[in-house]
Structure formats: structure tokens, C-alpha cells
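Let me begin by presenting the structure, written as C-alpha cells, before commenting on it.
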Number of protein chains: 2
Amino acid sequence: MSNDENIYRQILKAIVEHQLPPGARLPEDRLSEAFGVSRTGIRKVLQRLALEHFVVIEKNKGAQVNHPSKAEALEVLDSRILIEPQLIPAVLSHWNSAQSQHFRTMAIEEKRAEESNQLADSIQLTARFHYELATLSGNKVLASFIEQLCYRSSLILAAYGTRGSVGCDCGEHSELLDLLDQGNADKAQNWMSHHLKHIKSSLILESKSEEHIDFQQLFSR
Amino acid sequence: MSNDENIYRQILKAIVEHQLPPGARLPEDRLSEAFGVSRTGIRKVLQRLALEHFVVIEKNKGAQVNHPSKAEALEVLDSRILIEPQLIPAVLSHWNSAQSQHFRTMAIEEKRAEESNQLADSIQLTARFHYELATLSGNKVLASFIEQLCYRSSLILAAYGTRGSVGCDCGEHSELLDLLDQGNADKAQNWMSHHLKHIKSSLILESKSEEHIDFQQLFSR
DNA sequence: TCTCTATAAATTGTATACGATATTTTAGTA
DNA sequence: TACTAAAATATCGTATACAATTTATAGAGA
């Protein structure tokens, strides 16, 4: 793996695992010092992260971890709701016992991580489950888009998630695997749809002081 | 618009309008000279274009216009087939006579450009029609993904399109507008699906010497 | 004439330099 | 003390420099 790619992944990991919270600043000097490369290399990965919406770069102000707007949060989830269930038929056409076994293992690890409050692992595994499932559809273009949306979802949960529930309370991923093992496309599709809608509806999007605080109104009597 | 953005759009335009054909090399010096900025700025936009799959950067070899593989071509079209028809209901919910008028105008310009063999304009307008329609769905995340897929489709047509047919022979975009004006979601959805499948099936993906030539087999008797 | 090799040219990768902009600190004044 | 202004500091944007690598060229030998 190239050095750039390595740096990219480390920073992305820190963001999606909530080590770098939304709004955290990412000064180029500090990062270049930390990774032992010049600012040139750091700028490259920051620009990539910006294109992928993980950080926001403001001219002459540098990069900070993106704090997704409510609208963005909903759009990301809606996108997944639109796409992921539709991938199920293609996934089923590649489904076999080896695949099943692989995903079972992942689901178990995931559950274990969640139960033992291993936040970082839990987040990673949840995203990977959805991403690898999308990969099984055979369409790499869509799969990598879904991958991005999964990671963005992790960031969204950092901003709007209910504390503790990283993934979903609505049952386990293993339920989906049961349906896939049965070859039941319709039910699997429905399950996926409900699953994502449940995550969406679990977001706390109320007040949360979106960007602008109206002091005029706040202090009027 | 920032200067970077300006350079980015100019190069992207040249690629999707087939002025820079698949495989064309993009040396940093020439570009920096042409745009009157240092290589630093050029590298930035080349890296962006690479992330978006419009160019391919090979270590120590620089950038060249991407020559999409057959698999990539099919995956891009399949992605559009999966998503774009699904957006119709949301589009319809925002549909009104002003929108209709706007798209009618675009469709007419598009037809005119195609009839008078204005390749570049024709390509741009075709992509814009689909992109702006996606935007009307209200989901910016999906819309910008569709935008990218539309531009990638232009590049794919440069590589695998039948000469002349930039967009679609299967009727006009105005047909879709009729269905939208009627508020017929099902038919509009079907139309979109058929439209994209038609474009997909019009690609010439035969022999075309994909990457590796097997001389062993070629000269065996 | 062809092929191989050595040299030269072109091109990219990365670091550094320096001016521009933003942020913080400090000093001064009401 | 509170507020403003100015200086100092931090940080970014862009150009340039130089080493590393690839590509093109030229010449020698078969």
C-alpha cells in the first residue's frame, strides 16, 4: 500500500471511529509532523477526504472534520435506503455457504464488539458488513459508493446518534443472513429496508443548534 | 468560482466532450503552462479527476484520460439503471409547469444540437438533462452521484459508443416530459429504465482488444 | 539494417520557501 | 475594567527546487 493511502486510511479511521469528532480541526503542520511527511503529502489526503465529505476545507482556514447538516444526514440514509435493498437480488445470485459462513463470522464479531462496548471495532464491523454485502452484488461502482455512504453514516452517527447505539437495536445482522440462506429475496429486501429506515429514524435531529443561533429570538421577552 | 474549480471544469469538459480521447496523456508541465499556474495547482485537479475516474494516474508515469474497461462501462450503466428510475416518484412530487418548461427548452436545444452534429453541446445537454432531473428529486447526495455517472457515461460513449449516437436513438427526452406532465409515475419510470437499457445495449463491447493480447493463442496453429 | 546499450531529455514525487490570510496575544486608552 | 488597535504568531496557498524515475535518442556492434 502506498504511503499516501496509508495516511488516508489512518485519518479516515480516526474520523469514522469518532476519535476525531465532527468539527475537530486538522492543521497540516501537526499532521505532517505526526506522519513524518511534508505538508504536500498531507494536503493531498485532506483534499481527498474533503471530496468524500469527511472533512471540510475552508479557504485560508484549513480542514476540519465535517459536521454533517441534518439535510445531509437524511440524504445519506435515504440514498442507502434506495440502493441497498435493490442490491439483494444480485447478492443472492452469488450467495453460497462460503459467503454465508464469512458473514456469520463477521456478524458474531460485530455483536461481541458491541456488547463489550468496543466502539471503534463495532463501527468498523457494521460498515464492513454493509459494504462487503454490496460488493457481493458484483457491481464495483455501486459497491464503492455504498462503502462511502457507510463511512459517512458513521460520521453522521457521531453527530446525531443516540449514545451507545452505533448500529441498530432492531435485531441483528444475522437475521438478514437467515433470510439470505433461505433464498428469500423479498423478505431480505424488506429486512434491509426496515433496518436502514430504523437507523434513520433513530437519529436525533431536533434543535441541536443547527449552524446559526438566533440571539435576537433567544433573548427576547 | 475558484481558479482550481475553473481549471477542473475546463479539463473535465474537454474529456467528456471527447476532445481529450481515452488514453490521452496529460503532462503536468503542458497543463500548468496552458493554464498559467504552477504544477501544484494542476496536480490538485488531476488528483480529483482521478478519484472521480476521469483520469488514471500511474506512479511516476503521470495522468492520462481513463479508458474505461468493459466491466466498468457496464457497471456505470447498471448503476444508473438501478437508481434513476427510482428517483421518478420524488421528481414527480416537485414537478410543476415551470419545471416542465425548463426541461422542454433543454430537450429542444438538445435535439437541435444533435441534428446539427454539435457533438460537444449534444453531450453536455444530454448529461445535464439527466443530472438536473436527478437534482429535482431533492436528494443532493444522489444527484451528485448521478452527475458523476452521467459524465462517466459520456466518457464510456467515447470509448464504446456507436459513432454519431451520443445520446439515444430510442425517441426523445421530450417523451419522458410528456409522461411527467401527465403525472404517470409508472410509465415515466419504465421509460427511464428502457432508455438507459437501450443506451447500455448500444455499446460496442466486442473484441476491441481488451488490455491483454494473448500472442500465444493468437499465433498457435 | 537491426538490436542492444549508454546517455540525454522529459516527467513526476516530495520537500521547502515565501508571501498572504487568519488568529491570538499584547499593549494602550477611555 | 472593558474595549480597541496593533503587533506577533500560527496557518494556509502557491511557486519553485531538486532528486528519482521513466521515456526518448544516439551510437556501437553484430
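Computed from heavy atoms alone, side chains included, the values below leave out hydrogens, waters and symmetry copies. Chain letters run A, B, ... following the sequence lines, proteins first, then strands; residues in each count from 1.
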Specify the separation, in whole Å, of atom [atom1] of [X] and atom [atom2] of [N].
X	N	atom1	atom2	value
Asp29(A)	dT21(C)	CG	P	19 Å
Leu26(B)	dT12(C)	CG	C1'	14 Å
Phe35(A)	dT14(C)	CZ	C1'	17 Å
Asn60(A)	dC12(D)	CG	P	10 Å
Ile7(B)	dT14(D)	CD1	P	9 Å
Glu28(A)	dA10(D)	CD	P	16 Å
Leu46(A)	dG13(D)	CG	C1'	14 Å
Glu33(B)	dA10(C)	CD	C1'	13 Å

Can a side-chain donor-acceptor contact be found between [Y] and [X] if the only test is distance below 3.5 angstrom?
X	Y	result
Ser122(B)	Glu110(B)	no
His102(B)	Glu132(B)	yes
His94(B)	Gln99(B)	no

Strictly below 4.0 Å: does [X] bring a side-chain N or O up to OP1 or OP2 of [N]?
X	N	value
Thr40(A)	dT14(C)	no
Arg30(A)	dT11(D)	yes
Lys61(B)	dT11(C)	no
Arg43(A)	dG13(D)	yes

- Item | Given DNA chain C, 5'-ward residue of the pair Lys59(A) and Asp4(A), judged by closest heavy atom |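 Its nearest nucleotide being more 5', the pick is Asp4(A).
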
- Query: Taking the side chain of Arg39(A) as heavy atoms from C-beta outward, which of dA17(C), dA15(C), dC18(D) is closest to it?
  - Reply: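 Closest nucleotide among those given: dA17(C).
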
- With a cut-off of 6.0 Å (strictly less than), are more than 12 heavy atoms of other residues, nucleotides or ligands near CD of Glu33(B)?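 Open: at most 12 neighbouring heavy atoms sit under 6.0 Å from CD of Glu33(B).
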
- For salt bridge (charged side-chain N to carboxylate O under 4.0 Å, His left out), just list the numbers for Arg39(A) and Glu28(A), CA-CA rounded to whole Å, side-chain angles, deciding distance to a tenth of an Å, and then say yes or no. CA-CA 6 Å; Arg39(A) 280 175 52 214; Glu28(A) 296 173 1; 2.9 Å; yes

- Query: What does Arg25(B) touch in the nucleic acid at a heavy-atom separation under 4.0 angstrom: a base, only the sugar-phosphate, or nothing?
  - Reply: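 Result for Arg25(B) = nothing.
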
